[in-house]
There are 2 protein chains.
Amino acid sequence: MHSGAVLAIGEFSRLTHLSVRTLRRYHDAGLLEPASVDPATGYRSYSADQIPVAQVIHRLRELDVPLADVRRILRSPDPHARAGLVAEHLQRLEAELDRTRAAVASLRRLLRPEPPPLDVELRAVPATTVAAVADDVRHDEVLAWYAGAMAELDAVVDEPAGPPGGLYDNALFEEGRGRLLVYRPTDDPPRRGRVHPVTLPAVELAVTTHVGEHDDIDVSYGELGAWVVANALAVAGPVRETYLVGPRDTPEPSAWRTEIGWPVFRVAPR
Amino acid sequence: MHSGAVLAIGEFSRLTHLSVRTLRRYHDAGLLEPASVDPATGYRSYSADQIPVAQVIHRLRELDVPLADVRRILRSPDPHARAGLVAEHLQRLEAELDRTRAAVASLRRLLRPEPPPLDVELRAVPATTVAAVADDVRHDEVLAWYAGAMAELDAVVDEPAGPPGGLYDNALFEEGRGRLLVYRPTDDPPRRGRVHPVTLPAVELAVTTHVGEHDDIDVSYGELGAWVVANALAVAGPVRETYLVGPRDTPEPSAWRTEIGWPVFRVAPR
DNA sequence: CGCGACCCTCCCCCGGGGAGAGGGTGCACA
DNA sequence: TGTGCACCCTCTCCCCGGGGGAGGGTCGCG
């Protein structure tokens, strides 16, 4: 309709509740180009048609959608594809919400007085050959990757000889990405798809068992670590987790049991 | 217990899953002071006792609690007060979640095809004297302030002569804070507490009625604005909202009716 | 013509890190 | 006693999405 109406940036700002500054930024970012720009003065002119666009941007920004993604959404011509991109972000929000919930729960548990003390045991573990899937993974992809790898392992390993486990490279936590290996012990490890035999080296492990929710697991890590240094040992190599009882066994998190083993060696006492 | 164990920053990093960089930053920020610092080399030494503290910090940061607030929480000696501070942040999270939900819903409505067109009317409004509460308010406090002011008005005005309304300074949107006035028309405006008589000047108003959820109201603002410029008018002064049907009348948002009036004056056509 | 409102660009600030440069230390092994 | 290497130090710059302000041009009304 009345697309002829032309607005200075200040008027447009009043009409959209976006600050003048922000409008200029959106112009620079290629998000919301003014209908025209006076080449002599640099004055921006907006058209009344752009108000709804500005409002969509406003809503997306309220959802913390990065400017680059907002641009992608606006540029995508097909409303179908657009809805897909938006849905993607809503999913991201959902995931973030889950993270938040988990952190809140964990914080609550952490602030509760006196967690029960942890039993730590030093155990010599011989080299074993297992069926494994391994890859370089980003820290935030760990869960998804794990689920896929474990499913593939389950499909390929017929007669597991024990509970599944994983090896976590320290770089995963320190640098945000690193090697992740998930395995099932079995007598004759097959080689199919991503699954292949791997020989885990013999190590001396400081072992403890974490009970409950995985979100709290670094509390157990911390206690294990404190035990390790208190006993004049040092950490060597990737941590090993063994899933004695996990979500695959029972939906009740309080029953989950995860063995954490940290390869250690003796150091001179300081 | 074994508080004697002393850890280099790298070891401590492995034990807490906080990066070395981040640990140094937390030191600089006064969040997590190392147990000791070698004055000659600057090497930081951590004690195993500090692991639980590091974990609490980790959790709080996962909840986006600013470093300054984390510091406050850790410094507060009384676990009671501490729990209070934490609860405060959880409340903030809750509020944020509400905002997010509202934005999602609004975005959904915005992306739905073809909102019904808006009827806009030009109306001369005479000066009126009303009972009002006014203050300078930050944009994010508007809702809370409004609720309080309206309650006070209700308590003081016995015989309202029409639905309540509000005046919103443009600075509220442009600069994040500005004057907010809420009023009830009544024959003999009292002066008690924050309530006092105010004479609203006569204006010509471009008026439309927004139906439904307030979260979508700037869509109606946008359409109203487009109409205003299309009719060679310009905006003058704070917008007036009149709550014909609101949450005080019915809990059903789809029935809410809010009149938006923008003071205008005629400009030369361009 | 003058004034005030408006607009322009440019630069620095915030927070919570990531990245890397450039240099010092601690320790094991030859 | 070197020498290599992992570790540690500080420093500066970058990211995002804006806010704040400086310094200067432009518009339109009286």
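Chain naming here is simple, since letters A, B, ... match the order of the sequence lines and numbering starts at 1 in each.
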Test side chain to side chain donor-acceptor pair (under 3.5 Å) on B/Arg92 and B/His89 and set out the steps. CA-CA 5 Å; B/Arg92 184 185 52 74; B/His89 274 285; 3.2 Å; yes
Atom CG of B/Asp28 and atom P of D/dT12 are separated, to the nearest Å, by 13 Å
Take A/Leu67 and A/Arg61 through the side-chain contact (heavy atoms from CB on, under 4.5 Å) test and state the conclusion after the steps. CA-CA 8 Å; A/Leu67 292 193; A/Arg61 283 300 304 140; 3.4 Å; yes
Distance check needed: C/dG17 C1' versus B/His27 NE2, whole Å only. 18 Å
Atom CZ of B/Arg44 to atom C1' of D/dC7: distance rounded to whole Å? 13 Å
B/Ile57 has an atom CD1; how far is it from atom C1' of C/dG16, in whole Å? 14 Å
side-chain N/O A/Thr22 vs D/dG17 OP1/OP2, d < 4.0 Å: no
Test: B/Arg101 and B/Asp98 ion pair at under 4.0 Å: yes
What is the distance from CZ of B/Arg61 to C1' of C/dG15, rounded to the nearest Å? 8 Å
Rounded to the nearest Å, what distance is computed from the CG atom of residue A/Leu63 to the P atom of nucleotide D/dG17? 14 Å
Whole-Å distance between C/dT9 P and A/Leu23 CG? 13 Å
A/Arg25 vs D/dG20: side-chain N/O to OP1/OP2 distance below 4.0 Å: no
Could you state the atom-to-atom distance from CG of B/Asp64 to C1' of C/dG17 in whole Å? 12 Å
Does A/Arg24 make a side-chain N or O approach to OP1 or OP2 of C/dC8 shorter than 4.0 Å? yes
Is it true that B/Asp69 and B/Arg72 make a salt bridge, defined as a side-chain N closer than 4.0 Å to a carboxylate O? yes
Quick check: on DNA chain C, is the nucleotide nearest B/Ala40 upstream (toward 5') of the one nearest A/Ile9, or the reverse? Name the residue that is more 5'. A/Ile9
Check the orientation of B/Tyr221 and B/Trp262. Use parallel for under 30°, tilted for 30 to 60°, and perpendicular for over 60°. perpendicular
Are B/Tyr26 and C/dG16 close enough that a side-chain N or O sits under 4.0 Å from OP1 or OP2? no
If you only use heavy atoms from C-beta on, which nucleotide in D/dC7, C/dG17, D/dG17 is closest to the side chain of B/Leu67? C/dG17
Heavy-atom donor-acceptor pair, B/Arg21 side-chain to C/dG17 base, under 3.5 Å: no
Nearest-nucleotide 5' precedence on DNA chain D, B/Gly42 against A/Pro66: B/Gly42
Side-chain N,O (B/Ser13) to OP1/OP2 (D/dC7) below 4.0 Å: no
Output yes when at least one side-chain N/O atom of A/Ser19 is less than 4.0 Å from OP1 or OP2 of D/dG18, else no. no
